[in-house]
Trainee: 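Have a look at this one before I ask anything.
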Protein chains: 2
Amino acid sequence: MEHDAQVSDTADTLDRAFMALADPVRRAMVARLSRGDATVNELAEPFAITKQAVSKHIQVLEHAGLVTRSRDAQRRPVHLDAAALERLTAWIDQYRLIAESRFRQLDELLGARIPNQQKENTPAHKKEESK
Amino acid sequence: MEHDAQVSDTADTLDRAFMALADPVRRAMVARLSRGDATVNELAEPFAITKQAVSKHIQVLEHAGLVTRSRDAQRRPVHLDAAALERLTAWIDQYRLIAESRFRQLDELLGARIPNQQKENTPAHKKEESK
DNA sequence: TCATTGATCAACTGATTGGTTGATTAAGAG
DNA sequence: CTCTTAATCAACCAATCAGTTGATCAATGA
């Protein structure tokens, strides 16, 4: 009876993807998978956790759309989806570039002088006191 | 008495940053902050949650190094740190490019022919059967 | 068929998180 | 000093998550 779904429709995808990368074990798996497909057991080796836990981590990555899986006899090789990673960087860069361009504008406005400004109280940003 | 810290030293930073972006509310805040600094109250407006919850979200972003805060009378404007965002894309791109280059190599190896390969059992990746 | 290997399912526990309400600090304005 | 505004602190609750153990499924080989 809480949290109405007004945030977005595609939010879930980003949610799961960023959440998946928020774990050092899963990031290490991504790093390893970037070098080539691997099985659950291969991915489990570097860690001191059970195979079940590794399987769960991989499921998280899979549910986030970051990896896919195929079948090779008993093995289920995990494959990294580079396109999914690109979607993440695209989201981040979108806002990073906006922020940087704003900073650049401010820079020009100050005449390319950058003193030791530590306490900028919204210099190039008109502050509205609506209330 | 669990999980030895063998994962990495800078893991914490990435942990917190990705975790911070794994929440739609915090992502919306990042999007808003890319347009300019804002206060807690301004950031709280679009959401149906209390100011305290918003304050916590901002603390998460701050602890992740994604935003900084200054002081302007009673207000504490939040400022987006574009460099922190860039560090995230740098991490992702690092492994994305490795995976893509691997895929490109495989592509050339197949003579630019891409049939309906669905079950690639590690084609350009020597698989060791140790046991 | 039976044993083995790779991987998952199910149930449980401990820790963490997202959210709330209520009280409190900090800075001005009267 | 008192009041208002901005924001945080503290305690608490419900839900989720990371990890475990134990049992089970699926594919292969004897």
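Order of the sequence lines sets the chain letters (A, B, ...), proteins ahead of strands, with each chain counted from 1. None of the values given here were measured: they were computed from a predicted structure.
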Trainee: What's the CZ-C1' distance between A:Arg16 and D:dT16, to the nearest Å?
Mentor: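 Rounding to the nearest Å, CZ of A:Arg16 and C1' of D:dT16 are 14 Å apart.
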Trainee: Under the criterion side-chain contact (heavy atoms from CB on, under 4.5 Å), I'd like the reasoning laid out for B:Asp81 against B:Arg87: C-alpha separation, chi angles, the key distance, then a yes or no.
Mentor: CA-CA 10 Å; B:Asp81 184 356; B:Arg87 280 191 286 275; 4.2 Å; yes
Trainee: Which ones in residues 55-63 of chain A lie close to DNA chain D, meaning a heavy atom under 4.0 Å from one of its atoms?
Mentor: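 Of all residues in residues 55-63 of chain A, the ones placing a heavy atom under 4.0 Å from DNA chain D are A:Lys56, A:His57.
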Trainee: Please round to the nearest 0.5 Å and tell me the distance separating atom CG of B:Leu85 and atom CG of B:Leu80.
Mentor: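 If we round to the nearest 0.5 Å, B:Leu85:CG and B:Leu80:CG are 5.0 Å apart.
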Trainee: Can you tell me the distance, in whole Å, between the CG atom of A:Leu43 and the P atom of C:dT8?
Mentor: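 Whole-Å distance recorded here is 11 Å.
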Trainee: Whole-Å distance between C:dG18 C1' and B:Arg27 CZ?
Mentor: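 Rounded to whole Å, this separation is 15 Å.
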Trainee: Can you find a side chain N or O atom of A:Thr50 that sits less than 4.0 Å from OP1 or OP2 on D:dG19?
Mentor: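 For A:Thr50, the contact criterion (side-chain N or O under 4.0 Å from OP1 or OP2 of D:dG19) is not met.
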Trainee: When you measure from the side chain of B:Arg75, which nucleotide among D:dT21, C:dA7, D:dA6 comes out closest?
Mentor: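 Among the listed nucleotides, the one closest to the side chain of B:Arg75 is D:dA6.
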Trainee: Listed by chain and number, what are the salt bridge (charged side-chain N to carboxylate O under 4.0 Å, His left out) partners of B:Arg69, not counting sequence neighbours?
Mentor: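 Per chain and number, B:Arg69 pairs via salt bridge (charged side-chain N to carboxylate O under 4.0 Å, His left out) with B:Glu62.
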Trainee: Could you list the residues that satisfy side chain to side chain donor-acceptor pair (under 3.5 Å) with A:Arg96, not counting sequence neighbours?
Mentor: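 For A:Arg96 the side chain to side chain donor-acceptor pair (under 3.5 Å) partners, ignoring immediate neighbours, are A:Asp93, A:Glu100.
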Trainee: Are any of B:Arg69's side-chain N or O atoms less than 4.0 Å away from OP1 or OP2 of D:dT8?
Mentor: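 Yes, because at least one side-chain N or O of B:Arg69 sits under 4.0 Å from OP1 or OP2 of D:dT8.
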Trainee: What is the distance from CG of A:Leu21 to C1' of D:dA18, rounded to the nearest Å?
Mentor: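 Nearest whole value for this atom pair: 17 Å.
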Trainee: Rounding to an integer number of Å, can you tell me how far B:Asp15 CG sits from D:dA18 P?
Mentor: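 To the nearest whole Å, that distance equals 11 Å.
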Trainee: B:Met19 CE to C:dT17 C1': how many Å, rounded?
Mentor: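 One finds 8 Å between C1' of C:dT17 and CE of B:Met19, rounded.
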Trainee: Measure distances between side-chain N and O atoms of A:Glu42 and base N and O atoms of C:dG6, and say whether any donor-acceptor pair falls under 3.5 Å.
Mentor: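 Check fails, no donor-acceptor contact within cut-off.
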Trainee: Name the residue closer to the 5' end of DNA chain D, choosing between A:Arg26 and A:Gln52 according to the nucleotide with the nearest heavy atom.
Mentor: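 Nearest-nucleotide comparison on DNA chain D picks A:Arg26.
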Trainee: Rounding to an integer number of Å, can you tell me how far B:Ile49 CD1 sits from D:dT8 P?
Mentor: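 Interatomic distance, CD1 of B:Ile49 to P of D:dT8: 13 Å.
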Trainee: Take the protein atom NZ of B:Lys51 and the nucleotide atom P of D:dC9, then report the distance between them rounded to whole Å.
Mentor: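 Distance, rounded to whole Å: 17 Å.
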Trainee: Which residue, A:Arg27, A:Met19, A:Arg26, forms the side chain to side chain contact (heavy atoms under 4.5 Å, CB included) with B:Phe18?
Mentor: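 Among A:Arg27, A:Met19, A:Arg26, the one meeting side chain to side chain contact (heavy atoms under 4.5 Å, CB included) with B:Phe18 is A:Arg27.
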Trainee: Nearest 0.5 Å, please: how far is CG in A:Leu97 from CD in B:Glu86?
Mentor: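 Between atom CD of B:Glu86 and atom CG of A:Leu97 there are 9.0 Å.
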Trainee: Give me the distances for all protein-to-nucleotides 26-28 of chain C N/O pairs that come in under 3.5 Å?
Mentor:
unit_1	atom_1	unit_2	atom_2	d
C:dA27	N3	B:Gln74	NE2	3.4

Trainee: How long is the span from the CG atom in A:Leu33 to the CG atom in A:Leu66, to the nearest 0.5 Å?
Mentor: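 So the gap between those two atoms works out to 10.5 Å.
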Trainee: What residues, two or more places apart in sequence or in another chain, satisfy side-chain contact (heavy atoms from CB on, under 4.5 Å) together with A:Thr39?
Mentor: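 Applying side-chain contact (heavy atoms from CB on, under 4.5 Å) to A:Thr39 gives A:Asn41, A:Glu42, A:Arg75.
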Trainee: side-chain contact (heavy atoms from CB on, under 4.5 Å) with A:Thr50: which residues, sequence neighbours excluded?
Mentor: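 Per chain and number, A:Thr50 pairs via side-chain contact (heavy atoms from CB on, under 4.5 Å) with A:Gln52, A:Ala53.
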Trainee: Answer yes or no: does a side-chain N or O of B:Asn41 lie under 4.0 Å from OP1 or OP2 of D:dT5?
Mentor: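 For D:dT5, neither OP1 nor OP2 has a side-chain N or O of B:Asn41 closer than 4.0 Å.
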